[in-house]
Amino acid sequence: MWHVVIGCFYCFLEAQIAGKGIGGRPNSDQSSRIHATHFARTATDSALQFLRTQDMYNNNVGSQGGVGVGIGVGVGPGMGPAANPQPNNPFGNAFYGAGSGLIRGGLGAYGEKILGSSSEYVQSNISRYFSDPQYYFQVNDHYVRNKLKVVLFPFLHRGHWTRITEPVGGRLSYKPPIYDINAPDLYIPFMAFGTYVILAGLSLGLRGKFSPEALNWLFIKGLVGWCLQVSLLKVSLLSLGSGEAPLLDIVAYAGYTFTGMCLAVFGRIAWSYSYYFLMPWACLCMGIFLVKTMKRVLFAEVRSYDSSRHHYLLLFIALAQLPLFIWLGNISVHWLF
């Protein structure tokens with residue numbers, strides 16, 4: 001009797017799972033139907049095993065007249081009757097087999113599929129927005145010299161401003177800075193930032209205003225200026241629908257600001273009047289460099305091109321360099337002014 005019930009249960013379960021899928025989602029591909037059939041067979045086999053075990057237990061209990069079997073413990077003079085332990089539950093193995101079979105057969109395949117796709121999604125987004133930090137430190141002396149020329153004298157750069165690509169793993173990838181002068185790096189920005197803090201502290205010392213607290217404020221002032229530049233470039237790209245540029249690229253482009261600042265602060269230390277010539281020069285060169293670089297990024301990332309909006313945006317980025325350079329160039333004991 002119960003074999004017929006189990007057969008009907010198997011047919012019904014296979015039809016339901018194959019039609020709706022596990023979790024109520026339709027199974028549109030062949031692999032999902034195979035998993036559904038395997039899931040139904042596993043559930044049916046587990047139910048059959050449970051019923052067979054129940055019949056065996058009922059037969060054993062009936063033949064023994066309901067008397068449990070006990071093992072005497074320490075029977076001897078002055079000791080009580082042997083304790084009869086509770087009979088073991090024969091249904092534990094059945095439930096365990098059913099549970100493990102369902103997990104391995106049905107849910108395991110879907111879990112592996114979900115976890116695998118999630119891992120690929122996370123890795124692709126990390127490489128898409130953050131890239132590899134080691135990429136930005138693949139530089140040599142030749143690259144550093146040429147990159148400083150491009151940043152400090154951008155109008156003398158006669159070559160193209162586009163980056164060089166190469167096929168890697170079946171897709172195009174940008175070459176590292178050591179092979180491409182237009183690639184962004186983090187070596188020059190970090191070195192320029194440290195040099196800016198040291199020169200600013202030296203300038204305070206020559207005026208008799210140096211103190212460890214003042215040097216800390218200069219460090220914080222430089223970091224705030226770097227963050228403001230990053231925010232300016234990132235918001236400008238997002239306003240045009242181009243937010244896919246890696247964050248470290250934007251950080252590198254913004255960090256080139258301190259190359260011109262080092263030149264201006266050093267000019268103030270060497271000859272105070274040269275600051276009023278070097279500061280506008282560094283600001284102009286940085287504006288040209290960012291306009292050329294952001295134009296390349298916009299052409300590569302933006303889906304629709306609006307010439308008027310792009311021109312106004314690039315002009316705004318160039319003009320925003322003047323107040324930023326004036327603020328960073330004002331070396332004082334107070335970081336805000």
Item to complete: Would you confirm whether Trp226, through its side chain, and Val251, through its main-chain N or O, come within 3.5 Å as a donor-acceptor pair?
Response: yes
Worksheet item: Minimum heavy-atom separation for Thr259 to Val151, with atom names?
Response: OG1-CG1, 3.2 Å
Discussion item. Applying a strict under-4.5 Å side-chain criterion to I, L, V, M, F, W and Y, I'd like to know whether Met279 and Leu284 cluster together.
Written reply: no
Worksheet item: Are Ile331 and Arg207 side-chain neighbours, meaning at least one heavy-atom pair lies under 4.5 Å?
Response: yes
Item to complete: For residues Ala200 and Leu218, report the shortest heavy-atom separation together with the two atoms involved.
Response: CB-CD1, 3.6 Å
Worksheet entry | Shared hydrophobic cluster for Val197 and Ile220 (ILVMFWY, side-chain gaps under 4.5 Å) | yes
Worksheet item: For Phe210, does the CZ atom have more than 12 heavy-atom neighbours from other residues, nucleotides or ligands under 6.0 Å away?
Response: yes
Item to complete: Check the hydrophobic clustering (I, L, V, M, F, W, Y; side-chain heavy atoms under 4.5 Å; chains of links allowed) and say if Leu248 and Leu237 are grouped together.
Response: yes
Fill in: Taking every non-hydrogen atom, the tightest pair across Ala254 and Val230
CB-CG2, 3.6 Å
Practice prompt. Could you please spell out the steps behind the side-chain contact (heavy atoms from CB on, under 4.5 Å) verdict for Ile164 and Tyr179?
Written response: CA-CA 8 Å; Ile164 303 176; Tyr179 302 114; over 6 Å; no
Worksheet entry | With sequence neighbours excluded, residues passing ring-ring contact (aromatic ring centres under 6.0 Å, His included) with Tyr196 | Phe258
Worksheet entry | Shortest non-hydrogen contact between Ile317 and Leu233, atoms and distance | CG2-CD2, 4.0 Å
Discussion item. Rounded at 0.5 Å granularity, tell me how far CG in Leu199 sits from CG in Leu204.
Written reply: 11.5 Å
Worksheet item: For the atom pair CE (Met191) and CG (Leu186), what is the distance rounded to the nearest 0.5 Å?
Response: 10.5 Å
Item to complete: Show the numbers, then the answer: is there a side-chain contact (heavy atoms from CB on, under 4.5 Å) between Phe289 and Val150?
Response: CA-CA 8 Å; Phe289 172 78; Val150 172; 4.1 Å; yes
Worksheet entry | Separation of Leu152 CG from Leu278 CG (nearest 0.5 Å) | 10.5 Å
Worksheet item: Counting heavy atoms not belonging to Asn140, are there more than 12 under 6.0 Å from its CG?
Response: yes
Worksheet item: Are any side-chain N or O atoms of Asp249 and backbone N or O atoms of Pro184, one a donor and one an acceptor, separated by less than 3.5 Å?
Response: no
Discussion item. Any side-chain to backbone donor/acceptor pair from Lys295 onto His310? Under 3.5 Å, distance only.
Written reply: no
Worksheet item: Does the side chain of Ile181 reach to within under 4.5 Å of the side chain of Tyr143, using non-hydrogen atoms?
Response: yes
Practice prompt. Please indicate whether Tyr276 has more than 12 foreign heavy atoms, meaning atoms of other residues, nucleotides or ligands, lying under 6.0 Å from its OH.
Written response: no
Worksheet item: How far apart are the closest heavy atoms of Tyr253 and Asn182, and which atoms are they?
Response: OH-O, 4.4 Å
Practice prompt. Determine the sole option in Phe153, Trp161, Phe155 for which the ring pair (Phe, Tyr, Trp, His ring centres under 6.0 Å) test with His157 is passed.
Written response: Trp161
Practice prompt. Mind checking side chain to side chain contact (heavy atoms under 4.5 Å, CB included) for Ala183 and listing every partner two or more places apart, or none if nothing turns up?
Written response: Tyr135, Arg163, Pro177, Asp180
Practice prompt. Answer yes if the ring centres of Phe219 and Phe193 are under 6.0 angstrom apart, and no otherwise.
Written response: yes
List the atom pairs, with distances to 0.1 Å, where a side-chain N or O of residues 267-274 and a protein N or O form a donor-acceptor pair under 3.5 Å, not counting sequence neighbours.
| unit_1 | atom_1 | unit_2 | atom_2 | d |
| --- | --- | --- | --- | --- |
| Arg268 | NH1 | Gly329 | O | 3.2 |
| Ser274 | OG | Gly267 | O | 2.7 |
| Ser274 | OG | Trp271 | O | 2.5 |

Worksheet item: Mind checking what makes side chain to side chain contact (heavy atoms under 4.5 Å, CB included) contact with Phe277, not counting sequence neighbours?
Response: none
Worksheet, complete the sentence: Interatomic distance, OG@Ser239 vs NZ@Lys234, rounded to 0.5 Å, equals 11.5 Å
Worksheet entry | Minimum heavy-atom distance Cys262-Ala192, with the two atoms named | SG-O, 3.1 Å
Worksheet, complete the sentence: The remaining residues in the hydrophobic cluster of Leu232, counting side-chain heavy-atom contacts under 4.5 Å among Ile, Leu, Val, Met, Phe, Trp and Tyr, are Phe316
Worksheet entry | Steps toward side-chain contact (heavy atoms from CB on, under 4.5 Å) verdict (Gln229, Gln321) | CA-CA 9 Å; Gln229 188 81 293; Gln321 302 307 307; 2.7 Å; yes
Worksheet, complete the sentence: Hits for side chain to side chain contact (heavy atoms under 4.5 Å, CB included) against Leu315, two or more places apart or cross-chain, chain-then-number order -> Leu319
Worksheet item: Is there a chain of hydrophobic side chains (I, L, V, M, F, W, Y, each step under 4.5 Å between heavy atoms) that links Tyr136 to Val139?
Response: yes
Discussion item. Taking the six-membered ring for Trp, are Phe325 and Trp281 closer than 6.0 Å centroid to centroid?
Written reply: no
Worksheet entry | Hphob cluster co-occupancy, Leu322 + Met286, side-chain heavy atoms under 4.5 angstrom | no
Practice prompt. Let me see the working for Lys149 and Leu156 under side-chain contact (heavy atoms from CB on, under 4.5 Å), right down to the final yes or no.
Written response: CA-CA 8 Å; Lys149 292 178 182 178; Leu156 297 179; over 6 Å; no
